[in-house]
Amino acid sequence: MILSSNDDSRRATPLLKAALGAVLVCSLIEAPFEVAAAANGVQAVAVVCSKLLLALLVFFACGRAPLARLIALFVCGASVFAVVPALPGEFRYDPIAFVLSTAECVLKSLAIFALLRDTGLATWGRWQRS
């Protein structure tokens, strides 16, 4: 089964654990700013739920769940592609948000590198066969 395996080769490396942990910590540091910027209570709840989902994803990706690693790879990649084009505007209008977003992009890029190094295309092939 793809979500649970006792294969030792699927253990997360220390680099992967550190990178994903740093992404989670950065996301939790940003959470109060995102909640404060929420227009209403529904958006604030959505921010909190997204942080909980990210924490679960990191937990499973640091375990032996290759599917969670593929999802984490997608989430980090999509986030970097979404945030990087907005960095020049943030630099002009909100330097604090620029610093936080830049740190987030750097950490997620490191996580992408660690996920590709640790998981790579072998997981994709195993996932397609299962």
Side-chain angles (χ1 to χ4, degrees):
M1 190 166 132
I2 196 155
L3 290 178
S4 63
S5 173
N6 290 329
D7 188 1
D8 283 341
S9 66
R10 293 187 182 182
R11 282 196 174 152
T13 61
L15 174 64
L16 178 62
K17 290 179 181 179
L20 289 176
V23 166
L24 180 61
V25 167
C26 182
S27 177
L28 294 176
I29 289 171
E30 286 182 335
F33 298 104
E34 292 173 352
V35 170
N40 56 37
V42 174
Q43 288 181 353
V45 170
V47 168
V48 172
C49 288
S50 72
K51 302 307 175 188
L52 291 173
L53 287 173
L54 181 63
L56 281 172
L57 181 62
V58 167
F59 174 77
F60 285 114
C62 287
R64 295 180 184 175
L67 181 60
R69 292 180 189 174
L70 288 174
I71 294 170
L73 181 62
F74 172 77
V75 167
C76 288
S79 176
V80 168
F81 281 122
V83 172
V84 166
L87 286 176
E90 282 189 358
F91 180 72
R92 270 180 288 190
Y93 299 112
D94 192 358
I96 295 172
F98 172 77
V99 170
L100 289 172
S101 296
T102 302
E104 178 185 14
C105 287
V106 168
L107 291 174
K108 286 185 177 176
S109 297
L110 176 65
I112 290 168
F113 171 76
L115 283 161
L116 287 175
R117 184 174 167 266
D118 194 53
T119 305
L121 296 176
T123 299
W124 178 253
R126 283 193 303 263
W127 180 68
Q128 286 183 326
R129 286 190 296 266
S130 64

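In this chain, numbering begins with 1 at the start of the sequence shown. Keep in mind that this is a model prediction, so the values were computed, not measured.
Between atom OG1 of residue Thr102 and atom CD of residue Glu90 there is a gap of 7.5 Å, rounded to the nearest 0.5 Å. The distance from atom SG of Cys76 to atom CD1 of Ile71, rounded to the nearest 0.5 Å, is 12.0 Å. Atoms CZ and CG, from Phe113 and Leu15 in turn, are 6.5 Å apart once rounded to the nearest 0.5 Å. Atom CZ of Phe74 is separated from atom CD1 of Ile112 by 11.0 Å, given to the nearest 0.5 angstrom. The structure places CZ of Arg117 at 9.5 Å from CG of Leu16, a figure rounded to the nearest 0.5 Å. For the atom pair NZ (Lys108) and CG (Leu20), the distance works out to 11.0 Å, reported to the nearest 0.5 Å.
A 6.0 Å sphere centred on CD1 of Ile96 holds no more than 12 heavy atoms belonging to other residues, nucleotides or ligands.
Side-chain heavy atoms closer than 4.5 Å link hydrophobic residues (I, L, V, M, F, W, Y) into clusters, and following such links, possibly through other members, connects Leu57 to Leu67. By the criterion of side-chain heavy atoms lying less than 4.5 angstrom apart, applied directly or through intervening Ile, Leu, Val, Met, Phe, Trp or Tyr residues, Val106 is not grouped with Leu54; the two fall into different hydrophobic clusters. Leu73 and Leu107 fall into different hydrophobic clusters, where Ile, Leu, Val, Met, Phe, Trp and Tyr are joined by side-chain heavy atoms under 4.5 Å apart, directly or via other members. If you chain together hydrophobic residues whose side chains sit under 4.5 Å apart, Leu53 and Leu28 never meet in one group. Grouping the Ile, Leu, Val, Met, Phe, Trp and Tyr side chains by contacts below 4.5 angstrom, directly or via other members, places Leu24 apart from Val47.
Judged purely by atom type and a 3.5 angstrom limit, Ser101 uses its side chain to pair as donor or acceptor with the backbone of Ala97. When atom types are taken as modelled, the side chain of Gln43 and the backbone of Ala39 share a donor-acceptor pair closer than 3.5 angstrom. Side-chain N or O atoms of Arg69 include none that pairs as donor or acceptor with a backbone N or O of Phe60 at under 3.5 Å.
The nearest pair of heavy atoms linking Ala111 to Val23 is CB-CG2, 3.9 Å. Taking both residues in full, the closest heavy atoms of Ala44 and Ala38 are given as N-CB, 3.6 Å, listed atom of the first, atom of the second, then distance.
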Pairs under 3.5 angstrom only: tabulate donor-acceptor contacts from the side chains of residues 81-89 to other protein residues two or more places apart or in another chain.
none

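With sequence neighbours excluded, the residues that form a side-chain hydrogen bond (donor to acceptor under 3.5 Å, both in side chains) with Lys51 are Ser27, Glu34.
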